[in-house]
J.: 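Pasting a structure here, questions to come.
Read the numbers this way: they start at 1 and go in the same order the structure lists the ligands and their atoms. Note that this is a predicted model, so its numbers are computed, not measured. Keep in mind that the numbers below use all heavy atoms, side chains included, and drop hydrogens, waters and symmetry copies.
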Amino acid sequence: MTTHKNSQGWRPQTLAVRGGQLRTGFQETAETLFLTSGYAYECPEEPEARFKGEQDGFTYTRYGNPTVSMFEARMAAFEGAPVARATASGMAAVSAVFLSALRVGDHVVAARAMFGACRFVVEDILARFGVTSTIVDGTDLDQWRKAVTPATKFFFLETPANPTLDIADLRAIAEIAHKAGARLVVDNAFASPALQRPMDFGADIVVHSSTKYIDGQGRAMGGVILCDEEFLSQHLQTYLRNTGPTISPFNAWLHLKSLETLNLRMKAHCENALAVANFLAKQKGVNRVLYPFRDDHPQVELAKAQMSGGGGVVTFALDGGKEEAFALLKAIRLIDISNNLGDAKSLMTHPATTTHCKMTPEARAQLGISDGMLRISVGLEDPADLCEDLEQALQKALP
Ligand SMILES: *Cc1c(COP(=O)(O)O)cnc(C)c1O
């Protein structure tokens, strides 16, 4: 296997295409899919040396696989992280960060606006093992400061957050975390490394659901953890090897190849999303449009300081409630009803009855999620067709 010798100094877009590539003796141009669980050795001394850690090389795909390694190396290069580890899903990545490093008595501070499953891990699973948590408004720096205890090990947030697209101030929150001796963990699934590199602002650990924009075509599950060598060697490596949230080499290969077009796709997602957001803001019956790069977003300046584009998700609220929102979903013809996001196909969901249905109405209200709210993951179709679809559906739903 050979690898590029000159990757030092390459820019992120070049690293997204070239980073981490390993070539076999055939000198293939495209990355190879190594669909294998095991590896054979020339002699018994070889596995002996590898198991002792004295020789590099693969032993078993739960421990490592060349295709998975290429995906990890490319992700680390793209995000500007020391190391990366891929997992079977975004939730496997999130839970591995916490479960590998926390023990009874530890404490976590997390932002309220959080992916539902992340909140379950923090509030329910960790609590069972004696790890306490404090949930704060991620946009309020004072709440982060006040939540710190001597046992605080992690700060955890998502920015932009689902579905209200609130922006958390990465630099300021990282500073508060570091002063408390805690690590800042950022879920970067909504922005992707093409639009936001949280480590540039002081984040210690970044997690991804590569199921979303990194795959980009709604095909395969995957997750990534980016961290430093110390966190990897002290906590993560042994946890991953022994508990086995291993990504399939096939899924890793899809996501590896998808990174080559991520920048291009994210530019188009952002352009289309802004066009849809601007269109919706002008429609009768739409009382609120949330998009990080629109001037009416309360944190537009912070969004522009941290992100190079507003992302592919637009959230809006209709006059009325669930009835009107469902009527709109029934009337759309091009956009699909789906709670997934980050697909080339535009997808729309009603957060109150899907992604955020487990919350009490009061908790939803606290997050600003109303019954008339809809979230669109704007895809790569022609934005004029998307706007026409929304226009005809709005006319039917809110005559
Ligand atoms: C989808 C998602 C996850 C979970 O990822 P899976 O790949 O579905 O396990 C976590 N965080 C955010 C922000 C997500 O959108």
Side-chain angles (χ1 to χ4, degrees), residues 68 71 75 79 84-99 108 110-125 138 154 156-168 170 184-196 198 203 205-226 240 243-248 250-252 254-255 258 262 266 269 273 290 292 306-307 310-315 338-343 347-349 351 354-359 367 369 375-379:
V68 176
F71 176 46
M75 277 299 299
E79 278 265 1
R85 284 294 177 272
T87 54
S89 68
M91 286 322 301
V94 170
S95 49
V97 167
F98 293 123
L99 294 172
V108 175
R112 183 182 294 131
M114 211 191 325
F115 191 72
C118 294
R119 201 157 164 166
F120 180 77
V121 169
V122 170
E123 289 192 292
D124 292 72
I125 297 183
F154 286 122
F156 181 45
L157 63 86
E158 189 185 308
T159 183
N162 179 31
T164 50
L165 307 176
D166 288 336
I167 308 294
L170 291 171
L184 172 61
V185 184
V186 176
D187 181 337
N188 200 25
F190 264 53
S192 90
L195 303 182
Q196 175 173 273
I205 297 172
V206 174
V207 288
H208 277 286
S209 165
S210 57
T211 315
K212 310 291 170 52
Y213 288 103
I214 292 172
D215 181 286
Q217 295 171 64
R219 301 165 297 189
M221 305 291 298
V224 183
I225 302 157
L226 300 126
L240 292 176
T243 61
T246 319
I247 190 171
S248 152
F250 181 74
N251 289 7
L254 284 174
H255 292 181
S258 296
L262 183 63
M266 289 316 292
H269 279 295
L290 300 167
Q306 293 183 175
M307 302 168 72
V313 176
V314 177
T315 299
S338 173
N339 49 278
N340 193 17
L341 65 98
D343 196 314
L347 309 174
M348 182 147 56
T349 194
T354 59
T355 54
H356 292 73
C357 72
K358 299 258 159 53
M359 287 185 163
L367 279 181
I369 302 169
R375 181 193 81 189
I376 312 182
S377 166
V378 180

J.: Looking only at the side chains, is there a donor atom on one of Arg219 and Ser258 sitting less than 3.5 Å from an acceptor on the other?
T.: yes
J.: Which protein non-hydrogen atom lies closest to atom 15 (O) of ligand 1, naming both residue and atom, and how far is it?
T.: Lys212 NZ, 2.7 Å
J.: Do any nitrogen or oxygen atoms of Gly90 lie less than 3.5 angstrom from nitrogen or oxygen atoms of ligand 1?
T.: yes
J.: Identify the closest protein heavy atom to atom 8 (O) of ligand 1: which residue and atom is it, and at what distance?
T.: Met221 CE, 3.7 Å
J.: Stepwise, does the side chain to side chain contact (heavy atoms under 4.5 Å, CB included) test hold for Phe115 with Ser209?
T.: CA-CA 11 Å; Phe115 191 72; Ser209 165; over 6 Å; no
J.: For Pro198 and Gln196, work out which heavy atoms get closest and say how close.
T.: CD-O, 3.4 Å
J.: Which residue supplies the protein heavy atom nearest to atom 11 (N) of ligand 1, what is that atom called, and how far is it?
T.: Asp187 OD2, 2.6 Å
J.: Suppose we measure from atom 4 (C) of ligand 1 to each protein heavy atom; which comes out shortest, and what is that distance?
T.: Phe115 CE2, 3.4 Å
J.: If we only consider heavy atoms of Asn162, is any one of them less than 4.0 Å away from an atom in ligand 1?
T.: no
J.: Does ligand 1 come near enough to Met91 that some N or O of the ligand is less than 3.5 Å from an N or O of the residue?
T.: yes
J.: Give me the one residue out of Leu240, Val68, Ile247, Val224 that meets side-chain contact (heavy atoms from CB on, under 4.5 Å) with Thr87.
T.: Leu240
J.: Going by heavy atoms in the side chains, are Val186 and Leu157 under 4.5 Å from each other?
T.: yes
J.: Decide yes or no for Val97 and Phe154: does some side-chain heavy atom of the first lie under 4.5 Å from some side-chain heavy atom of the second?
T.: yes
